[in-house]
Amino acid sequence: MIISSFSWVTALLLLLYIAKLRLADAQIGVCYGMVGNNLPAANEVIDVYRSNNIKRMRLYDSNQAALQALRNSGIELILGVPNSDLQGLATNSDSARQWVQRNVLSFWPSVKIKYIAVGNEVRPVGDSTSWMAQYVLPAIQNVYQAIRAQGLHDQIKVSTAIDMSLLGNSFPPSQASFRGDVRSYLDPIISYKDNSRDISLPYAIFTSPNVVVQDGQYGYQNLFDAMLDAVHAAIDNTGIGFVEVVVSESGWPSSGDFGATYDNARIYLDNLIRHVNGGTPRRPWKPTETYLFAMFDENQKNPELEKHFGLFFPNKQKKYSFGFGAERRREFFANEFNATVVPLLKSDI
């Protein structure tokens, strides 16, 4: 899902169970998409992750070459179940057990699977994916039961990824709520649209020097926090209770549309990496686990905008100069601060 005409994207993983958060950990991962005919082999990709100190990955399906390459890498993984598999996993618990055996148990614990995202951005009404919505919750339940049967339910969390279109009210953030026509879909899971007239580029890319939106006691200097807190408030307003939110995709393209420039992408991504180790106004104590979209430019995507979200070129060269983790901390001391979803993620895979 592309958020506003600035073309940044974002998606959320809503966890059914509260994950233990290690505050000392880096909060950033990178999504590994494969929609290209010129991308490096999976073992080379894992080497790029490790050499750049990227310690978390999102995979959109159970690509066996990628899972093999991840063995003993130390990289934590969101493992995706593609939408095409939902019906089979929902209607046949044996299929779910086989899926877990083939794609989880065959690699655990040498592959550090942290989450399983069952389905990606299924929209329960008014979309080509709507017919799949009936299968999301039972597929989650069947996969979870297969995980639980192996005693791994405390280590591997099972949920789904949603996009921001499921919010009805999103402004001000404290008044956010999910759309009435999706509550029957979301409530059992508990689980931005905007425009360039109302959202300035500095507010979108973390460079606004002052609070732009004052929402009661909460002041917002950037769109990321406002969107994420809108989701927090919408969850709180269901009355169901606390739910952990992971930003499973957030990115900005370097070419292909209005606002999609190299500098805007560099500034957004650099500032996002710095920002998520802190909290939002509504949850200031809570760093935000966030996955950047995406690892590489993917030349077989459409429209043109979709081809330019990579942090790296297909030849494995970095597109931007900033780094991650320990490498990033060294850069911070060497360089002065330079200004730079939810889903705060993009694109259908």
Side-chain angles (χ1 to χ4, degrees), residues 3 8 10-31 54-56 58 76-78 114-115 117 154-164 166-167 170-178 186 189-192 203 206 211-250 268-293 324-325 328-329 332 340-345:
I3 304 301
W8 74 312
T10 204
L12 301 175
L13 182 67
L14 300 182
L15 302 183
L16 299 178
Y17 310 94
I18 298 174
K20 294 179 181 175
L21 182 67
R22 298 182 297 278
L23 296 181
D25 283 357
Q27 299 302 312
I28 286 290
V30 179
C31 302
I54 303 171
K55 298 180 178 179
R56 291 174 174 163
R58 182 183 180 189
E76 293 184 339
L77 181 66
I78 297 178
K114 187 177 184 182
Y115 309 119
D154 287 333
Q155 291 106 310
I156 302 173
K157 307 305 178 185
V158 184
S159 189
T160 191
I162 68 167
D163 69 51
M164 291 291 289
L166 303 193
L167 279 184
S170 63
F171 186 86
S174 62
Q175 301 303 308
S177 60
F178 293 113
L186 278 180
I189 295 175
I190 304 276
S191 47
Y192 175 74
Y203 184 55
F206 298 91
V211 168
V212 175
V213 173
Q214 190 66 47
D215 180 16
Q217 64 181 305
Y218 305 120
Y220 294 93
Q221 282 185 251
N222 64 80
L223 180 60
F224 181 93
D225 282 351
M227 292 176 68
L228 190 51
D229 271 358
V231 175
H232 292 149
I235 293 171
D236 293 344
N237 288 336
T238 67
I240 291 173
F242 180 85
V243 174
E244 185 84 18
V245 177
V246 172
V247 178
S248 57
E249 301 178 351
S250 188
Y268 175 75
L269 292 164
D270 192 13
N271 278 347
L272 177 64
I273 293 168
R274 299 178 191 274
H275 184 74
V276 296
N277 282 314
T280 65
R282 196 176 183 92
R283 294 186 179 178
W285 45 271
K286 173 71 171 61
T288 305
E289 185 174 343
T290 299
Y291 290 77
L292 303 183
F293 188 87
F324 306 87
R328 160 157 220 86
R329 285 192 291 275
F332 181 81
T340 354
V341 153
V342 174
L344 306 169
L345 156 111

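All of these numbers come straight from a predicted model, not from anything done at the bench.
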TODO: Using side chain to side chain contact (heavy atoms under 4.5 Å, CB included) as the criterion, list what pairs up with Ser177, not counting sequence neighbours.
DONE: Asn169
Open item on the list: Is a donor from one side chain sitting under 3.5 angstrom from an acceptor on the other, for Glu289 and Tyr115?
Closed with: yes
TODO: Could you pull out the closest heavy-atom pair between Cys31 and Phe293, with the gap in Å?
DONE: CB-CD1, 4.1 Å
Task: Residues forming a side chain to side chain donor-acceptor pair (under 3.5 Å) with Thr280, sequence neighbours excluded - done: Asp229
Open item on the list: Assess whether a salt bridge exists between Lys157 and Glu244, defined as any Lys/Arg side-chain N lying under 4.0 Å from an Asp/Glu carboxylate O.
Closed with: no
Open item on the list: Using 30° and 60° as the class boundaries, would you call the ring planes of Phe206 and Tyr268 parallel, tilted or perpendicular?
Closed with: tilted
TODO: Start with the C-alpha distance between Ile235 and Phe178, add both sets of side-chain angles, then the distance that settles side chain to side chain contact (heavy atoms under 4.5 Å, CB included), and finish with yes or no.
DONE: CA-CA 8 Å; Ile235 293 171; Phe178 293 113; 4.0 Å; yes
Task: Pairing residues for Asp236 by the side chain to side chain contact (heavy atoms under 4.5 Å, CB included) criterion, not counting sequence neighbours - done: Arg282, Arg283
TODO: State, with a plain yes or no, whether a side-chain heavy atom of Pro287 is found less than 4.5 Å away from one of Val276.
DONE: no
Task: From NE2 (His275) to CD1 (Ile28), nearest 0.5 Å - done: 10.5 Å
TODO: Tell me, please, which residues at least two apart from His232 pass ring-ring contact (aromatic ring centres under 6.0 Å, His included).
DONE: none
Open item on the list: Restricting to non-hydrogen atoms, name the atom on Pro281 and the atom on Gly219 that form the minimum distance, rounded to 0.1 Å.
Closed with: CG-O, 3.4 Å
Task: All side chain to side chain donor-acceptor pair (under 3.5 Å) counterparts of Asn222, not counting sequence neighbours - done: Asp225
